[in-house]
Number of protein chains: 2
Amino acid sequence: MSTLTSPKGGSPAPFPMEIQRDSDQPVYTQLADILRQQILAGIFQPGQKLPSEAMLVDTYNVSPMTVRRAINLLAAQGIISTAHGRGTFVKEVQLSNAAFYLQDLKELFNSEGTTVVKLIEARFLPADERVSRKLQIKPGVRAIYIRRLLTVEDQPAFYHRGYLIYDPTRPVVESEFQVTDLKGLFRGSGNPLIKSGELSLEATVLNEEEAGILQVPLHTPGMVLEHTFYDFRDKPVSWGWFVCTNQHLRLYTRVGFEQTYGTRDERIR
Amino acid sequence: MSTLTSPKGGSPAPFPMEIQRDSDQPVYTQLADILRQQILAGIFQPGQKLPSEAMLVDTYNVSPMTVRRAINLLAAQGIISTAHGRGTFVKEVQLSNAAFYLQDLKELFNSEGTTVVKLIEARFLPADERVSRKLQIKPGVRAIYIRRLLTVEDQPAFYHRGYLIYDPTRPVVESEFQVTDLKGLFRGSGNPLIKSGELSLEATVLNEEEAGILQVPLHTPGMVLEHTFYDFRDKPVSWGWFVCTNQHLRLYTRVGFEQTYGTRDERIR
DNA sequence: GCCGTATACTTCCCTATGGTACTTTGTATC
DNA sequence: GATACAAAGTACCATAGGGAAGTATACGGC
């Protein structure tokens, strides 16, 4: 019956405030959009209670299940929170639930052609105490030590060093070192499937070697991204770290209520 | 009928492989757990196709809607992906969908007593070019400049500098500077509700002032967390940045298939 | 005035069913 | 042999309804 936009049509972003049954967008996302929009507009403010599900069922003439899906979607997006038996409430913005995504790296590797992985060095190396601990192999057992330089448009961007598990029962294929995709970077010999991985990110100052390879001044501030990957038997397959300057890795994110979300459930974040 | 664990009961973590109707855990999370467990065990490997939804309905004797919820849950967790008309598939581990959470900061602020916010300085300051741009006010307009030190167990941890919008129509209350909680940190005078914020994180090297306040050597590597917050009219209310050493801020995360997840939908991550 | 109980309201779960739209595959036609 | 069409299989959507369990509120008895 009513929309937020003026009937004259002078508004820049017309937003329907009722369910459109002939739309190709699902009803539950439409409802979620409507509620989000109302929160955005300040109609429902943080801490306040939203209409009950039964109420929403009545006002929008949809089934309870559809309302639930919309509520769940918004809850998963961190916009609202539900309390069993009490009601649904608008969440307050919290700095702590901010998250930084490594999407930059993905874009880096997806841009075909511009990003090149150059192999600097690859050789067998008996595991010292540190490597044996990280890769869970006995000290002295041979591992593959590998150094790579990732360049973006011929500019050095990431310096990667790592140790890969060497499987003596399988021959090391030349192509294993010539990987240009992300997933291949972390597999040892035998190319096991990776089940999980641990990552940590901390600040650093580039030492002489790193600064030389990345062609930046000594003591340039940078980040170290350390990684350990495990196969499906939970055995480590690789351990290593990327070094880069913040010219190529600056993490960026947003918190709070966003305007644009995907229509699909998975599009959380 | 059958479980993954041996009937003798020697397994350390018995995991039921069928739906238990008398359990307090919802059916759809049980089903999701079962499927995740099978993926974890390598029964369904990355790239492979999962049984169709109709098939799961038959084998587990649950309704299609319940299967859908389980599938959606796993998809939201990034474990599987669905393709309309083709099927659902186990996803490969991708480094790019790793996310670093600022949970550390949250725990920092939740630990009452141990974390103290000390006010170093607070005064009015006419906006220069940079501040006027960030806060979207005219140059020369007075803003509140504020410097704070966050200590953890009497040790300096975070050095915060920022500019807050000053609302001349409202008096500045003394208590606004004495805030010790996170949300209060970023509000200007008039305490508007915050709708959204932008954050960025990059590496730095501590300068003389920062190193002195945080009591670390000069040129210590550190992180800068810059933030801008907006109110419900999308006007900036604050802009500032935290500086800290990686002793207090080391981001850590995991990628891939995890064992433990919360039972609730919201527990994505 | 205080405590236990009943009641209403709330979120949350699951079922059963029907339908839509996309994708692959098999089949008949040309 | 290639193309058009039909059919099967698939993920998705929405409905209507019944029920369980938590929470606040009103009411009675003491």
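- The nearest whole Å value for the distance from the CD atom in E53(A) to the P atom in dA8(C) is 20 Å.
- The CG atom of N72(B) sits 9 Å away from the C1' atom of dC12(D) (whole-angstrom rounding).
- Scanning both residues, L31(A) and Y60(A), for their nearest heavy atoms gives CD1-CD1, 3.8 Å.
- No donor-acceptor distance shorter than 3.5 angstrom exists from the side chain of T66(B) to the backbone of V62(B), with no hydrogens or angles considered.
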What nitrogen or oxygen pairs link the protein and nucleotides 14-16 of chain C at under 3.5 Å?
{"unit_1": "dC14(C)", "atom_1": "OP1", "unit_2": "V27(B)", "atom_2": "N", "d": "2.1"}
{"unit_1": "dC14(C)", "atom_1": "O3'", "unit_2": "R21(B)", "atom_2": "NH2", "d": "3.3"}
{"unit_1": "dT15(C)", "atom_1": "OP1", "unit_2": "R21(B)", "atom_2": "NH2", "d": "2.5"}
{"unit_1": "dT15(C)", "atom_1": "OP2", "unit_2": "S63(B)", "atom_2": "N", "d": "3.0"}
{"unit_1": "dT15(C)", "atom_1": "OP2", "unit_2": "S63(B)", "atom_2": "OG", "d": "3.2"}
{"unit_1": "dT15(C)", "atom_1": "OP2", "unit_2": "T66(B)", "atom_2": "OG1", "d": "2.6"}

Check step by step if salt bridge (charged side-chain N to carboxylate O under 4.0 Å, His left out) holds for R69(B) and E53(B). CA-CA 11 Å; R69(B) 291 200 69 178; E53(B) 299 186 355; over 6 Å; no
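- Going from atom NZ of K49(A) over to atom P of dC9(C) covers 11 Å, rounded to whole Å.
- The backbone N or O of L201(B) sits nowhere less than 3.5 Å from a side-chain atom of E226(B) that would complete a donor-acceptor pair.
- Side-chain contact between L35(A) and Q38(A) is present, with heavy atoms from C-beta onward closer than 4.5 Å.
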Pairwise N/O distances under 3.5 Å, protein to nucleotides 3-8 of chain D:
none

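- Under a 3.5 Å cut-off, the side chain of T29(B) and the backbone N or O of P26(B) do form a donor-acceptor pair.
- The CG atom of D22(A) sits 17 Å away from the P atom of dC13(D) (whole-angstrom rounding).
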Pairs under 3.5 Å (N/O, protein and nucleotides 19-27 of chain C):
{"unit_1": "dA21(C)", "atom_1": "N3", "unit_2": "H84(B)", "atom_2": "NE2", "d": "3.4"}

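- The shortest side-chain heavy-atom distance between L164(A) and W239(A) does not fall under the 4.5 Å cut-off.
- Distance, L56(A) CG to dT10(C) P: 10 Å, rounded to whole Å.
- Smallest separation of non-hydrogen atoms from Q45(A) and V90(A): O-CB, 3.5 Å.
- Close to dT10(D), at under 4.0 Å from its OP1 or OP2, lies no side-chain N or O of T88(B).
- Heavy-atom minimum distance, A83(B) versus F89(B): CB-CE1, 4.2 Å.
- Ring-plane geometry between F242(A) and H227(A) is classed as tilted, the angle between the planes lying from 30 to 60 degrees on a 0 to 90 degree scale.
- A donor atom on one side chain and an acceptor atom on the other are not found under 3.5 Å apart for R254(A) and S196(B).
- Between R68(A) atom CZ and dT10(C) atom P there is a gap of 14 Å when expressed in whole angstrom units.
- The separation between L50(B) atom CG and dA11(D) atom P is 9 Å, rounded to whole Å.
- Atom CG of L73(B) and atom C1' of dC13(C) are 14 Å apart (whole Å).
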